[in-house]
Amino acid sequence: MSKYTENEENKENRKNKEKTLTRRKLITRAGALGGILLTGCDTDFYVPPKVRPGLMGIADTLTMASQRLLLSGQQLVQEHDISEITKNFPVWNQSNPEDEEYQRLRRGNYVDWQLPVTGLVNQPRSFSLEELKRFPQQTQITSHICEQGWSAIAQWIGAQLLHVLEAAGGVKPEARYVMIDAYGGWYEGYDFFDVVHPQTILAYGMNGKDLPLGNGAPVRLRVERHCGYKQLKFIKSIQVVSSVEGFGRGTGGLNSDFGFHWYAGA
Ligand SMILES: Nc1nc2c(c(=O)[nH]1)N[C@H]1C(S)=C(S)[C@@H](COP(=O)(O)O)O[C@H]1N2
Ligand SMILES: [Mo]
């Protein structure tokens, strides 16, 4: 039925993910990434990069800290059955970035699309779509919750962000955030708690097909414990950084620049 996966394959996939998900393994993996969890930056996991002033800031920090404490074992979000997939998954906000470069790539069916991974990685490099598809393929059927009041279930197919960073030589010890730029001007930042999560993938497929244009072709992020606006579409480049200074208004993402919570955990 599907180009990428079958129901059974998905079940097998999920079992494998559950097996690999022990805290010890996570630390080992993160250790391979440059000792992220071992170099004394644990408290970074509990506070946003920029705490908003006043009550909002206190609320943000408490929400993030309490969820992070509860989720310190890196639980997986619930995965659904193929029969629960929403028939017409919405296309929300941007549906076809106008950038000339994006339009050129789209007309060429993204054959020339390249994803640069730079900053605090040991071997900066780019990945083509074909190269991304060569990483172990992960599928997950999850629900997407938009802060603007809708939710829908889809199957996402992609490569773990963790694997991609490993293929760029792993990250340097100063690495704290992954900043992702998108065509159309959006950008978002993520900390390593979410970056190394086994369900955080660069998705190039949706419901058994290539990712449709309006849902972020050729590649979008799925960071499953977050709500809609963190699920960045039309990915252009990835940068590993020690600080979110110098990106937009310096809050760590376009949405937080405009007053949304940086930490959008659902
Ligand atoms: N680049 C980019 N990413 C984006 C958006 C966008 O407009 N541009 N919208 C966000 C919001 S608010 C939501 S709810 C989801 C919508 O994803 P969909 O269009 O696949 O439904 O993408 C998120 N990522
Ligand atoms: Mo959203």
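Numbering of ligands and ligand atoms starts at 1, following listing order. No hydrogens, no waters, no symmetry mates; every other heavy atom, side chains included, goes into these values.
- Below 4.0 Å from some heavy atom of Gln231 lie the following atoms of ligand 1, by number and element: 22 (O), 23 (C), 24 (N).
- When only interatomic distances are considered, the shortest N/O to N/O separation between Tyr183 and ligand 1 does not fall below 3.5 Å.
- Scanning all protein heavy atoms for the shortest distance to atom 1 (N) of ligand 1 gives Lys233 O, 3.1 Å.
- Taking the six-membered ring for Trp and the full ring otherwise, Trp262 and Tyr229 have centroids separated by 6.0 Å or more.
- When the heavy-atom distances from atom 15 (C) of ligand 1 to Gln94, His144, Glu188, Met206 are ranked, the shortest goes to His144.
- Looking at Ala203, Pro90, Ala152, Ala182 and measuring to atom 21 (O) of ligand 1, the nearest heavy atom belongs to Pro90.
- The part of Trp186 lying near ligand 1 is the side chain, judged by heavy-atom distances below 4.0 Å.
- Between the OG1 atom in Thr118 and the CD atom in Gln239 there is a gap of 4.5 Å [rounded to 0.5 Å].
- The distance between the ring centers of Phe192 and Tyr177 does not fall below 6.0 angstrom.
- Ranking protein heavy atoms by distance to atom 16 (C) of ligand 1, first place goes to Trp92 CB, 3.6 Å.
- Looking at Gly184, Gly228, Ser151, Gly216, it is Gly228 that brings a heavy atom closest to atom 11 (C) of ligand 1.
- Using modelled atom types, no side-chain atom of Lys236 and backbone atom of Leu115 make a donor-acceptor pair closer than 3.5 Å.
- Contact annotation for Trp150 and ligand 1: only side-chain heavy atoms (C-beta onward) come within less than 4.0 Å of the ligand.
- Using a 3.5 Å distance cut-off with no hydrogens or angles, the side chains of Thr142 and Glu224 do pair a donor with an acceptor.
- Using modelled atom types, one finds no donor on one side chain facing an acceptor on the other under 3.5 Å when comparing Glu79 with Gln140.
- Close N/O approach between Tyr229 and ligand 1 is not found [any backbone or side-chain N/O within under 3.5 Å].
- Distances below 4.0 Å separate heavy atoms of Gly214 from the following atoms of ligand 1: 19 (O).
- Residue Cys146 approaches ligand 1 through these ligand atoms, each under 4.0 Å from one of its heavy atoms: 14 (S).
- Heavy atoms of Glu147 come nearer than 4.0 angstrom to ligand 1 in at least one pair.
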Can I get a per-line list of side-chain donor-acceptor pairs under 3.5 Å for residues 105-112, giving both atom names and the distance, sequence neighbours left out?
unit_1 : atom_1 : unit_2 : atom_2 : d
Arg106 : NE     : Gln103 : OE1    : 2.9
Arg106 : NH2    : Gln103 : OE1    : 2.8
Tyr110 : OH     : Tyr102 : OH     : 2.9

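- Within ligand 1, the atoms closer than 4.0 Å to a non-hydrogen atom of Phe234 are 1 (N), numbered from 1 in the order shown.
- Remark: minimum distance from atom 22 (O) of ligand 1 to any protein heavy atom is reached at Arg220 NH2, 3.3 Å.
- Between the side chains of Gln148 and Trp92, a donor-acceptor pair is found at a separation under 3.5 Å.
- Near Val91, meaning under 4.0 Å from one of its heavy atoms, ligand 1 places the atoms 19 (O).
- Side-chain N/O atoms of Asp257 and Thr251 include a donor and acceptor closer than 3.5 Å.
- Here the two rings, on His226 and Tyr190, have centers that are 6.0 Å apart or farther.
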